[in-house]
Q: 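Quick one: the structure is below, questions incoming.
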Amino acid sequence: MNGPTDTGRLPRPPLALVGRSGPERGPAPPPRPEPDPVRPDRHAARAATHPARRGTAPPGSARRGTGAPDTERLAAELRERTADLQRLKAEFDNYRRRVHRDRLAVGQIAVVNVLERLLPVLDAIAEATGQGELTDGFRRVAELLETELASLGLMSFGTAGEPFDPTVHEAVAYTPPERTGPADRSAPGERAVCSEVVRQGFRVGDRLLRPAQVTVSGASAGPQHARLT
């Protein structure tokens with residue numbers, strides 16, 4: 001009972017051989033000291049100060065390298081937008097001028113339509129004035145009406161003795177030169193004249209409302225006397 005207890009067991013290998021499966025290794029290298037966070041490594045600080053030595057580009061160099069193409073692209077877009085704005089402004093200016101011109105034309109047409117309806121009234125006033133029937137208060141009303149119509153642009157024309165113009169005169173009678181008196185007889189080659197105004201003509205600006213009805217005397221040859229009757 002007092003015999004050895006390790007009978008039948010294999011002898012233990014030496015402690016130095018535990019864990020070794022290959023050739024014998026040398027002693028383990030000493031541990032590498034960790035860098036001090038307070039004092040950075042000189043090599044790391046030098047590499048951070050001079051990044052070109054590490055073979056890498058400094059931060060932002062890529063953005064500086066692509067800055068020129070971006071600038072050209074932005075300049076092209078700016079020119080395009082500026083041209084679009086100029087074209088739109090020109091179209092708007094043309095539209096504004098056209099609207100203004102149309103408004104003036106519409107207003108003038110409205111005035112012309114009203115004045116054309118009042119021409120018989122003016123004829124009646126002129127006839128009454130010629131017969132001496134327009135007196136006192138009626139004369140004042142007639143003068144005020146003529147003043148207001150003149151402020152709207154209405155103008156009368158047609159006087160005795162002025163040259164006959166077929167574009168604004170309407171001849172209702174014609175007297176040959178041999179039938180006129182010495183005072184009314186025109187010289188050879190002279191244009192025909194309006195010897196008498198039967199009815200006044202009216203215009204608004206450059207627009208003719210009604211030609212003046214006149215009697216013509218003098219020479220009748222020539223295309224300018226085509227409206228002689």
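In this chain, numbering begins with 1 at the start of the sequence shown. All figures in this text were calculated on a predicted structure; none of them were measured in a lab.
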Q: Ignoring hydrogens and geometry, is there a side-chain-to-backbone donor-acceptor pair from Glu116 to Leu209 under 3.5 Å?
A: no

Q: Tell me, with the steps shown, if Val114 and Leu152 meet side-chain contact (heavy atoms from CB on, under 4.5 Å).
A: CA-CA 10 Å; Val114 173; Leu152 295 176; 5.9 Å; no

Q: For Arg73, I'd like to know if atom CZ has over 12 heavy atoms of other residues, nucleotides or ligands within 6.0 Å.
A: yes

Q: Please name the pair of heavy atoms, one in Val197 and one in Ala160, separated by the smallest distance, quoted to 0.1 Å.
A: CG2-N, 3.6 Å

Q: Going by side chain to side chain contact (heavy atoms under 4.5 Å, CB included), Val111 matches just one of Asn113, Leu115, Ile109. Which one?
A: Leu115

Q: For Gly158 and Ala212, work out which heavy atoms get closest and say how close.
A: CA-CB, 4.3 Å

Q: Do side-chain atoms of Ser217 reach the backbone of Thr175 as a donor and acceptor pair under 3.5 angstrom?
A: no

Q: State, to 0.1 Å, how close Val216 and Ala171 come at their nearest heavy-atom pair, and which atoms those are.
A: CG2-CB, 3.5 Å

Q: First locate atom NE2 of His100, then atom CZ of Arg103, and finally report the distance between them rounded to the nearest 0.5 Å.
A: 9.0 Å

Q: Would you say His169's side chain and Asp165's backbone share a donor-acceptor pair under 3.5 angstrom?
A: yes

Q: Supply the atom-to-atom distance Glu146 CD to Ile125 CD1, rounded to the nearest 0.5 angstrom.
A: 6.0 Å

Q: Tell me whether Leu145 is reachable from Met155 by hopping between hydrophobic residues (I, L, V, M, F, W, Y) whose side-chain heavy atoms are closer than 4.5 Å.
A: no

Q: Measuring from atom CG of Asp123 to atom CZ of Arg210, what distance do you get when rounded to the nearest 0.5 angstrom?
A: 4.0 Å

Q: Between the side chains of Asp93 and Lys89, is the shortest nitrogen-to-carboxylate-oxygen separation below 4.0 Å, so that they form an ion pair?
A: yes

Q: Determine the minimum heavy-atom distance between Phe157 and Phe202, stating which atoms define it.
A: CE2-N, 3.3 Å

Q: Nearest 0.5 Å, what's the CD-CZ distance between Glu170 and Phe164?
A: 8.5 Å

Q: Tell me, with the steps shown, if Arg203 and Val168 meet side-chain contact (heavy atoms from CB on, under 4.5 Å).
A: CA-CA 9 Å; Arg203 63 161 59 97; Val168 296; 3.6 Å; yes

Q: Rounded to the nearest 0.5 Å, what's the gap from CG on Leu154 to CG on Leu118? Could you check?
A: 8.5 Å

Q: Drop me the distance from Asp102's CG to Arg98's CZ, to the nearest 0.5 angstrom.
A: 7.5 Å

